[in-house]
Amino acid sequence: MQTFTSPTELHAWCMEQKRLGRVIGLVPTMGYLHEGHLSLIREARKRCDTVVVSIFVNPTQFAPNEDYDAYPHKEADDLALCQAEGAAACFLPQPGDMYPQDASTWVEETRLSKGYCGAQRPIHFRGVCTVVAKLFNIVAPDVAVFGQKDFQQVAVIRRMVRDLNFPIEIVRAPIVRDSDGLAKSSRNTYLTPEQRATALSLSRSLFAAKAAVDAGERSAEVLETAIRQTVTAAGWAPDYATVVDAETLVPLQQVAPGASAILLACRKDGLRLIDNILL
Ligand code: AMP
């Protein structure tokens, strides 16, 4: 497996891969890799000849009060995991490799990024879109794989790709969960055992909502109220619990099976967790 820190060198290598006729897949991550990330690499491997994994904790998507400095790292383990999964290259730039000191250009999606997590984190998706657009230009992938775990993020990226004519297929890979239902996340490392136990209320409430929909429930209000009650009883304060159109993220009053999702974000003790489910 090749490793790169220089965008220019990675770009030259990717261009050579293209010249050789290889289909390139990109898996953008912030590292501290877990099974969720590895499932994305496997998905990319199924579809592509050459898989590039980026590991970059992107400073521009963190607000000053967020956990940029505390974000967990384990670079040697991450590299071993990427190699074991058959990635052809890993890209580990430093912030200075990605952002000139006087960088003054942003990529901003202005609709899907505004609600939900965007309402709590006003600069987050601008940072995500900017860094992902840069990665797309550096790697020029045919396919890029993102996780359903960050449902709004994939919707925003898909919109950016459509609006800016990036010739890239965006794949949304399913959420990988621990056996008890908790969606895997690098930030789960912040949870105390007590917080982790009560955090199961998020996935439990979403599974119950899906079961209710499968049994015929269509009212978003009924589903959202039940979710709020479940997480609140477990000590988590819902930021939002919303039935949405799976593509546009517009809130729905009635579930449209096959085209809806429930987005959930909750807080407790300064921690924030997100989860979601397709209906
Ligand atoms: P992150 O390192 O948190 O920026 O995540 C990198 C990519 O991995 C994103 O596309 C995430 O949606 C995806 N991802 C994170 N956790 C999971 C999970 N539990 N299941 C599937 N994909 C995930």
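Computed from heavy atoms alone, side chains included, the values below leave out hydrogens, waters and symmetry copies. One-based numbering along the sequence shown. In each ligand, atom 1 is the first atom listed, and ligand 1 is the first ligand listed.
Following chains of ILVMFWY side-chain contacts shorter than 4.5 Å, one can reach Phe91 starting from Val128, so the two form part of one hydrophobic cluster. Hydrophobic clustering of Ile, Leu, Val, Met, Phe, Trp and Tyr side chains at less than 4.5 Å, counting indirect connections, keeps Ile274 apart from Leu223.
Atom 10 (O) of ligand 1 has its closest protein heavy atom at Gly147 N, 2.8 Å. Atom 3 (O) of ligand 1 has its closest protein heavy atom at Tyr71 OH, 3.9 Å. Closest to atom 23 (C) of ligand 1, if we only count protein heavy atoms, is Lys149 CB, 3.8 Å. With hydrogens left out, the protein atom closest to atom 20 (N) of ligand 1 is Val176 N, 2.9 Å, a heavy atom. The single protein non-hydrogen atom nearest to atom 13 (C) of ligand 1 is Leu40 CD1, 3.6 Å, given as residue, atom name and distance. Nearest non-hydrogen protein atom to atom 12 (O) of ligand 1 is Asp150 OD2, 2.6 Å.
Of the residues Leu92, Leu10, Ile55, the one that meets the side chain to side chain contact (heavy atoms under 4.5 Å, CB included) test with Thr3 is Leu92. Shown are Val156, Asp150, Val154; of these, the side chain to side chain contact (heavy atoms under 4.5 Å, CB included) with Gln152 is made only by Val156.
The residue Ala173 has no part lying near ligand 1, judged by heavy-atom distances below 4.0 Å.
Remark: Gln254 CD is packed, more than 12 non-hydrogen atoms of other residues, nucleotides or ligands lying under 6.0 Å away.
Within ligand 1, the atoms closer than 4.0 Å to a non-hydrogen atom of Pro28 are 6 (C), 7 (C), numbered from 1 in the order shown. The atoms of ligand 1 that sit less than 4.0 Å from any heavy atom of Pro174 are 20 (N), 21 (C). Near Lys184, with a cut-off below 4.0 Å to any heavy atom, the atoms of ligand 1 are 16 (N), 17 (C), 18 (C), 19 (N). Counting the atoms of ligand 1 from 1 in the order shown, those under 4.0 Å from a heavy atom of Phe146 are 10 (O). Those atoms of ligand 1 with a heavy atom of Ile175 less than 4.0 angstrom away are 20 (N), 21 (C).
Taking a 4.0 Å cut-off on heavy atoms, His34 registers as neighbouring ligand 1.
When Glu35, His37, Met30 are ranked by how near their heavy atoms come to atom 5 (O) of ligand 1, first place goes to His37.
Heavy atoms only, all atoms of each residue included: Pro251 and Thr242 are closest at CB-CG2, 4.0 Å. Scanning both residues, Lys210 and Ile277, for their nearest heavy atoms gives CB-CD1, 3.9 Å.
One finds a salt bridge joining Arg196 and Asp178 here, because a Lys/Arg side-chain nitrogen approaches an Asp/Glu carboxylate oxygen to under 4.0 Å.
Taken to the nearest 0.5 Å, the CD1 atom of Ile138 stands 9.0 Å off from the NE2 atom of His11.
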